[in-house]
Each structure stands twice: as structure tokens, then as C-alpha cells.
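Just below is one structure, and these are the notes that go with it.
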Amino acid sequence: MMMKIVLAIDGSDFSKLAIGELARMPLPSKTEVCILNVFENPMMAVPGPVPLGGSFGNYYEEAESNARKSAENIVSSAAKALKSKNGTLNITTAVVSGLPKSAILEKAETFEADLIVVGSQGHGAFSRFLLGSVSQSVAMHASCSVLIVRKKPDNTTK
């Protein structure tokens, strides 16, 4: 049986845990993994005036280009890490601009995923109330199974 998995990552420590967890899972040979990074529109993330001396278009294009390059590096590193642990995986990568909650669900639908793997973002209750948790939203709305990888608690306090 072939399996199709969407691994949604953002470069955070929680994403690294999700990559590690997927790498440890015993998966059928020829399992297809699509590693997805969703970067948010840089103009939505950074409200405010355009820096002096630059035009709005150039500023936006540069910010989006930088966000896309960073996202491509994140998925490329994850693909190498997964491939080194399990050479039988058929790995593809995707970098898209948009809202993570929606983009992850859309990719899972078009990829016909059997499983979505995401890291828990570890937001506190107040942040989760304000922002909403991507992993929680994906788990509630996905039409396939969702694995949310959580950090194991340690004995240190921050």
C-alpha cells in the first residue's frame, strides 16, 4: 500500500521535531511525502510605512523574494534530512504564499494526502485565542488524519 503524506513545516524547532518524528516512522516503501512551507505575504506581516528611498513595489518584491528563498531553503534541508533517514521515500517540495491554515488543507486535498504531519507551535492559551493555532485548525478541518508532533516536556523552566 502506498501512502501520501504532507509534511507542513516553517523552520521552527517544532517543525524540526515533526521532521524527526516522520523520519522515525516505519513507512511503506515508495511513500510519497510532499514537504510544504507556507510563507505569509510579507506586506501583511509587516504593516507600516515603506522605508525611505524605496518604492513600494521594489520593497514588496524584495521582501517576498527573501521570504520565498528562506522557505525554499527550509524545505530543501528537510528533504535532505528525510532522504538520509529513509531512502525509499519519494519526496517533493512545495513553497506557497498564503495563510498556513488554508494552504496546508488545500495542498492535502490536491495531493490526496492520507496524513498531514505538523509541529505544534506551542502558543500559550492567550496567543492561541488571538491567533488561532495552525495545527489545531488543520486537525479540525482536514479530510485525512493529522499527526501533531509535540515537544516532550523537559525538567527545565524558562
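Applying the side chain to side chain donor-acceptor pair (under 3.5 Å) criterion to S84, with sequence neighbours excluded, gives no partner residue. A search for side chain to side chain contact (heavy atoms under 4.5 Å, CB included) contacts involving K16 returns D13, not counting sequence neighbours. Not counting sequence neighbours, the partners of E109 by the side chain to side chain donor-acceptor pair (under 3.5 Å) test are S143.
Note: T92 OG1 to K4 NZ = 9.0 Å, rounded to the nearest 0.5 Å. The structure places CD of E64 at 5.0 Å from CZ of F39, a figure rounded to the nearest 0.5 Å. Note that SG of C34 is 4.5 Å distant from NZ of K107, once rounded to the nearest 0.5 Å. Taken from CD in E32 to CD in E112, the straight-line distance is 10.0 Å, to the nearest 0.5 Å. To the nearest 0.5 Å, the span separating CE on M25 from CG on L89 amounts to 10.5 Å. I5 CD1 to F111 CZ: the interatomic distance, rounded to the nearest 0.5 Å, is 8.5 Å.
Taking each heavy atom of I35 and A78 in turn, the nearest pair found is CD1-C, 3.8 Å. Here the closest non-hydrogen pair linking N37 and A71 is OD1-CB, 3.1 Å. Residue C144 comes nearest to A113 through the heavy atom pair CB-O, 3.3 Å, listed as atom of the first residue, atom of the second, then distance. Pairing each heavy atom of S135 with each of G119, the nearest pair is CB-O, 4.0 Å. The minimum heavy-atom distance between V38 and A103, with the atom names listed, is CG2-CB, 3.6 Å. T93 and A79 make their closest contact through CG2-CB, 4.2 Å (heavy atoms, listed as atom of the first residue, atom of the second, distance).
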For L99 and S102, run side chain to side chain contact (heavy atoms under 4.5 Å, CB included): C-alpha distance rounded to whole Å, both residues' side-chain angles, the deciding distance at 0.1 Å, then the answer. CA-CA 6 Å; L99 294 173; S102 306; 4.3 Å; yes

Assess the residue pair I116 and L147 against the criterion (side chain to side chain contact (heavy atoms under 4.5 Å, CB included)); give the C-alpha distance rounded to whole Å, side-chain angles, the decisive distance to 0.1 Å, and a yes or no. CA-CA 6 Å; I116 300 170; L147 172 62; over 6 Å; no

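Contact check for V134 versus I104: side-chain heavy atoms found under the 4.5 Å cut-off. The closest side-chain heavy-atom distance from I74 to I9 is below 4.5 Å. Looking only at side-chain heavy atoms (C-beta outward), L7 and I19 come within less than 4.5 Å of each other. Using a 4.5 Å heavy-atom cutoff, the side chains of V33 and L82 are in contact.
One finds no salt bridge joining K69 and E72 here, because no Lys/Arg side-chain nitrogen approaches an Asp/Glu carboxylate oxygen to under 4.0 Å.
Cluster membership check: M3 shares its hydrophobic cluster with V117, using side-chain heavy-atom separations under 4.5 Å among Ile, Leu, Val, Met, Phe, Trp and Tyr.
No donor-acceptor pair under 3.5 Å is formed between the side chain of S137 and the backbone N or O of S133. Formation of a donor-acceptor pair under 3.5 Å by the S15 side chain with backbone atoms of D10 is found in this model. A side-chain donor-acceptor contact under 3.5 Å links T31 to the backbone of P28. A donor-acceptor contact shorter than 3.5 Å is absent between the side chain of K30 and the backbone of N90.
With a 6.0 Å radius and a threshold of 12 heavy atoms from other residues, nucleotides or ligands, L17 has its CG atom above the threshold.
Looking at L115, T88, L22 one by one, the single match for side-chain contact (heavy atoms from CB on, under 4.5 Å) with L27 turns out to be L22.
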